[in-house]
Every structure is written in C-alpha cells, then in structure tokens.
There are 2 protein chains.
Amino acid sequence: MKYREKLRNSGLRPTKQRIQICEVLFDTDKTFHFTINELEQKIKKKTNTKISLATVYNTVHAFEKKGYLKQIPINSNQTYFDTNVSDHHHFYDLKEEKLIDLENADVGPINIKRKIDGKKIKSVEILVRLES
Amino acid sequence: MKYREKLRNSGLRPTKQRIQICEVLFDTDKTFHFTINELEQKIKKKTNTKISLATVYNTVHAFEKKGYLKQIPINSNQTYFDTNVSDHHHFYDLKEEKLIDLENADVGPINIKRKIDGKKIKSVEILVRLES
DNA sequence: ATGTAGTTTATAATGATTCTAAATAAAGTG
DNA sequence: CACTTTATTTAGAATCATTATAAACTACAT
C-alpha cells in the first residue's frame with residue numbers, strides 16, 4: 001500500500017486510521033478544502049467505520065506538520081484545511097461560505113519588499129473576499 | 001464630544017459604554033491590532049470601569065459592521081481586529097504571535113486576474129507568516 | 001514473545017463566542 | 001416634563017470547536 005511507505009518515511013506509524021484518512025484525503029485527482037467536521041463525515045461515508053474525533057484532530061495536525069496539509073487563514077469559527085499544499089491563494093465567497101482556489105498565475109508575482117530582522121518568510125497567502 | 005456625533009450618524013445610540021470604547025480604540029495616532037480580551041484589559045486600565053464582556057463583543061461587532069474596525073484573517077483561536085481600516089496587509093510573527101502592519105507600498109500592486117461571475121471583490125488581504 | 005514507545009479512544013476540560021432574559025437608558029411623543 | 005417605545009447593557013448560562021487526559025491498544029525492535 002502506497003500510504004504505508006509515505007507515512008513510515010515521515011516518521012509516522014502507518015496505523016489503520018491514518019491510512020484510511022490518507023485514502024479520504026489523497027485518493028482523488030482534485031484537491032479540496034475541508035473542516036474537521038466535514039472530514040469526519042467523509043470518513044464515515046467512505047470507510048463505514050468510525051474514527052474517533054480526537055484521532056481525526058491528531059492526524060490532521062500531524063499531516064499539517066509534515067506538510068501534507070495546509071491551514072487556510074480565514075476568519076471562521078472552524079479551521080479550514082487544504083489538501084493542495086502548493087503555493088496558491090483563495091477566493092472566499094462570503095455568501096456561500098465557500099473557498100475557491102486561485103492559481104498562482106491568476107495573481108501574478110508578489111514581492112514583499114519589507115524585511116524584518118531575524119525573521120524568514122514562511123508563507124505568503126492572499127485571501128480575496130467576494131460579495132455578490 | 002466628537003464620538004457622540006460619529007455614533008449617532010451611524011445609527012448607533014451614543015451610550016456611555018460605546019463612547020468609552022471609542023476612546024480606547026480611536027484616541028490615538030497609531031492604529032493597532034487587538035483581540036477582544038486585550039481590548040477588555042485596555043478598557044479596564046484606561047477607564048477604571050468594567051464594561052461587560054458581552055457589551056465589548058456587541059460593540060466591536062457593531063463597529064466592524066459600520067466599517068470602523070476590520071477583522072484580520074488569521075488562524076488563531078482568538079479573533080484579531082484592526083483599528084486600521086485602510087487597505088493594507090500583515091506580517092504574522094508565528095513565534096511572538098504578533099501582527100505587524102505592511103504598508104501597501106511594501107507589497108506592490110496586486111492584480112487578481114481571475115473573475116467569478118456575479119461576484120465582486122470586496123477585499124484583498126495578504127498574510128505573510130514569519131518564522132525565526 | 002516481550003517490552004516500549006507511539007497511537008487511539010471516550011470522555012472531560014477549556015476557552016472563545018453567542019444567547020437569554022431581565023434591568024436600564026436613550027429617544028420620541030404628547 | 002411624564003410616559004411610552006425601543007435599543008442597549010448585563011450577568012450568567014449555553015454552545016461549540018478544540019485540546020487534554022489517562023487507560024487500552026498496537027506497531028515495531030530486540
């Protein structure tokens with residue numbers, strides 16, 4: 001199984017739960033955005049097994065730390081994650097409360113001219129809020 | 001008092017609490033970022049009176065709706081607000097958990113090339129995460 | 001097989017935010 | 001001014017996402 005390797009190589013034990021979560025997250029061409037609750041629903045539907053909510057949180061955070069998931073900075077009561085970890089930005093449709101990917105080509109290069117001593121830029125994220 | 005007018009003109013009754021909160025937020029040259037809890041502390045210090053937490057929430061949301069405050073999109077367990085409502089961006093220092101203003105000139109023009117039918121761009125915000 | 005270190009789990013705890021309903025205060029009316 | 005109406009404040013309760021806890025379980029090395 002492909003995910004066993006991937007997990008082991010990241011120093012994460014390939015448990016049944018982690019492999020199932022991998023399948024839900026990564027067995028698809030399209031990347032997608034999700035909240036923890038949405039992910040829990042997907043897992044239930046796809047695998048017909050119940051993974052503890054705590055495990056879902058743990059796993060998502062572990063995957064984020066390893067760079068397999070990204071948090072999307074947005075003001076919402078729930079945290080949004082993205083399976084698309086490439087450098088890219090987002091539209092946020094305020095009415096639908098839906099995120100839409102913006103490819104880097106849709107935005108053009110961004111040049112942050114100011115530097116802060118002793119600090120490195122880790123990420124640059126644009127959120128474009130949309131209204132109707 | 002200047003804030004009485006401002007409030008009345010926005011359709012908000014100029015109550016003692018709202019005026020005090022205005023003083024804490026706007027009686028300063030520098031704009032600043034805050035969470036609700038930080039604001040509550042500031043109010044206590046500056047006015048020596050206690051305003052109910054619920055009122056602080058209500059007022060901040062009312063002011064946001066009127067455009068006197070902006071929410072800053074960031075992943076944190078607390079919501080950050082900004083008294084600087086002009087178009088600008090932010091550094092977020094991950095270690096210090098501190099926001100730093102980025103002037104528009106520090107970033108250069110941003111051109112969102114993609115359009116979504118029937119939607120207008122309401123805001124474009126960049127978050128630059130900093131690590132040490 | 002056996003030990004150990006990492007994981008999972010149900011449940012409890014935390015903490016920011018929102019809700020509720022009663023008390024209070026501002027504005028409007030005669 | 002009285003008096004009514006309507007908005008606002010308030011303490012405390014409720015909600016809800018997330019994190020902590022600690023016991024049971026499991027992958028893996030020896």
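As a basis for the values below, the full set of heavy atoms in this structure was taken, side chains included, without hydrogen atoms, waters or symmetry mates. Each chain gets a letter, A, B and so on, in the order its sequence line appears, and its residues count up from 1.
For B:Thr79 and C:dT17, the shortest distance from a side-chain N or O to OP1 or OP2 is below 4.0 Å. Phosphate proximity of C:dA25 to B:Gln17: absent, as no side-chain N or O sits under 4.0 Å from OP1 or OP2.
Side-chain polar atoms of A:Tyr68 and A:Thr83 form no donor-acceptor pair below 3.5 angstrom. Using modelled atom types, one finds a donor on one side chain and an acceptor on the other under 3.5 Å when comparing A:Ser86 with A:Asn84. B:Asp27 and B:Tyr3 are linked by a side-chain donor-acceptor pair at a separation below 3.5 angstrom, with hydrogens and angles left out of the test. Residues A:Asp82 and A:His88 have side chains that bring a donor and an acceptor to within less than 3.5 angstrom of each other.
In this structure, OH of B:Tyr3 is placed 21 Å from C1' of C:dA26, rounded to the nearest angstrom. Straight-line distance from the CD1 atom of A:Ile19 to the C1' atom of C:dT7: 13 Å, rounded to whole Å. Remark: P of C:dT8 and CG of A:Leu12 are 9 Å apart, rounded to the nearest angstrom. Taking atom CG on B:Asn58 and atom P on C:dT20, their separation rounds to 13 Å, with Å as the unit. Between A:His61 atom NE2 and C:dT7 atom C1' the separation is 16 Å, expressed in whole Å. Rounded to an integer number of Å, the gap from CD of B:Glu40 to C1' of C:dT17 is 13 Å. At whole-Å resolution of the value, CD in B:Glu38 and P in C:dA16 are 11 Å apart. Taking atom CZ of residue B:Arg18 and atom C1' of nucleotide C:dA26, one finds them 11 Å apart after rounding to whole Å.
Contact annotation for A:Arg8: backbone-only contact, meaning every heavy-atom pair under 4.0 Å involves sugar-phosphate atoms and none involves a base. Within the 4.0 angstrom heavy-atom criterion, only backbone atoms of the sugar-phosphate kind lie near A:Thr15; the bases stay farther away.
You can see that DNA chain D meets the heavy atoms of chain B within a 4.0 Å-exclusive cut from D:dT6 to D:dA11, reading 5' to 3'.
The pair A:Lys30-A:Asp101 does not count as a salt bridge, with every side-chain nitrogen at least 4.0 angstrom from each carboxylate oxygen. Taking the charged nitrogens against the carboxylate oxygens, A:Glu125 and B:Arg129 do have a contact shorter than 4.0 Å, which makes a salt bridge.
Taking only side-chain atoms of B:Arg13, from C-beta outward, the nucleotide of C:dT8, C:dA27, C:dG6 with the closest atom is C:dA27. Checking C:dC19, C:dA16, C:dT9 against the side-chain heavy atoms of B:Tyr57 singles out C:dA16 as nearest.
Each of B:Ala54 and B:Pro14 has a nearest nucleotide on DNA chain C; the 5'-most of these lies closest to B:Ala54.
Interatomic distance, B:Ser132 OG to A:Lys119 NZ, rounded to the nearest 0.5 Å: 3.0 Å.
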